[in-house]
Amino acid sequence: MKFAGFIAAAAALTFATSANAFELGNGLSVGGEVEQSYDFGTEDFAILFTPEVDFAYAGLALNVSTEFDVLELNNDAVDNFQGLDFEATYGVNDYITAFGEISTNKDFEFGDLVVGTRLNF
């Protein structure tokens with residue numbers, strides 16, 4: 001019965017999450033993502049909500065996001081805010097993108113900075 005509920009929820013959320021980010025102008029946009037999943041091994045159903053803010057200008061893109069477990073929002077025993085994730089990307093050319101990523105915990109203490117490049121083909 002859990003599987004049938006998962007299929008119904010997945011279908012409903014697929015239609016609900018098909019919209020694009022809301023453009024605020026001057027390269028700034030806000031949006032989010034809802035991810036629903038079912039783990040057949042542990043029989044766990046999950047719904048994750050990831051709100052984000054993006055800024056793009058002249059090949060540079062900045063993104064700030066966080067993630068919430070929707071099923072645990074009313075559970076006082078779970079601290080739903082886990083911190084923020086920051087990412088900056090710059091398109092070097094059509095195939096190479098340079099990036100930097102860093103995250104904070106719930107107390108806004110920064111973790112390790114990760115930098116690198118991505119090859120798209």
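Scope of the values below: all heavy atoms of this structure, side chains included, with no hydrogens, waters or symmetry mates.
Taking OH of Tyr90 as the reference point, atom OG1 of Thr97 lies at 10.5 Å (rounded to 0.5 Å). The structure places OG1 of Thr42 at 7.5 Å from OH of Tyr38, a figure rounded to the nearest 0.5 Å. Of the inter-residue distances, the one linking Glu52 atom CD with Thr66 atom OG1 reads 11.5 Å to the nearest 0.5 angstrom. With values rounded to the nearest 0.5 angstrom, Thr89 atom OG1 is found 7.5 Å from Leu62 atom CG. For the atom pair CZ of Phe86 and OG of Ser65, the computed distance is 9.0 Å after rounding to the nearest 0.5 Å. A distance of 10.5 Å separates CG of Leu28 from CZ of Phe22, quoted to the nearest 0.5 Å.
Using a 4.0 Å cut-off between charged side-chain N and carboxylate O, Arg118 and Glu87 make a salt bridge.
For the pair Val30 and Leu24, the minimum side-chain heavy-atom distance is below 4.5 Å. Between Ile47 and Asp69, every side-chain heavy-atom pair lies at or beyond the 4.5 Å cut-off.
Atom CG of Asn26 has 12 or fewer heavy atoms from other residues, nucleotides or ligands within 6.0 Å. Atom OH of Tyr95 is surrounded by 12 or fewer heavy atoms from other residues, nucleotides or ligands within 6.0 Å. The number of heavy-atom neighbours closer than 6.0 Å to CG of Asp39, taken from other residues, nucleotides and ligands shown, is above 12.
No donor-acceptor pair closer than 3.5 Å links the side chain of Thr104 to the backbone N or O of Glu109. Proximity of a side-chain donor or acceptor of Thr117 to a complementary backbone N or O of Ala98 within less than 3.5 Å is not detected.
Linking ILVMFWY residues whenever their side-chain heavy atoms come closer than 4.5 Å, directly or via other members, leaves Leu48 and Val53 in distinct clusters. No continuous path of ILVMFWY side-chain contacts below 4.5 Å connects Phe99 to Phe110, so the two sit in separate hydrophobic clusters. No path of Ile, Leu, Val, Met, Phe, Trp and Tyr side chains, each step under 4.5 Å between heavy atoms, connects Val114 with Ile102, placing them in separate hydrophobic clusters.
Shown here for Ser103 and Asp85, the closest heavy-atom pair between the two residues is OG-OD1, 2.6 Å. Listed here is the closest heavy atom pair of Asn105 and Asp107: OD1-N, 2.9 Å.
Classification of the Phe55-Tyr57 ring pair by plane angle, with boundaries at 30° and 60°, yields parallel. Ring planes of Phe68 and Phe49: parallel class, angle under 30° (limits at 30 and 60°).
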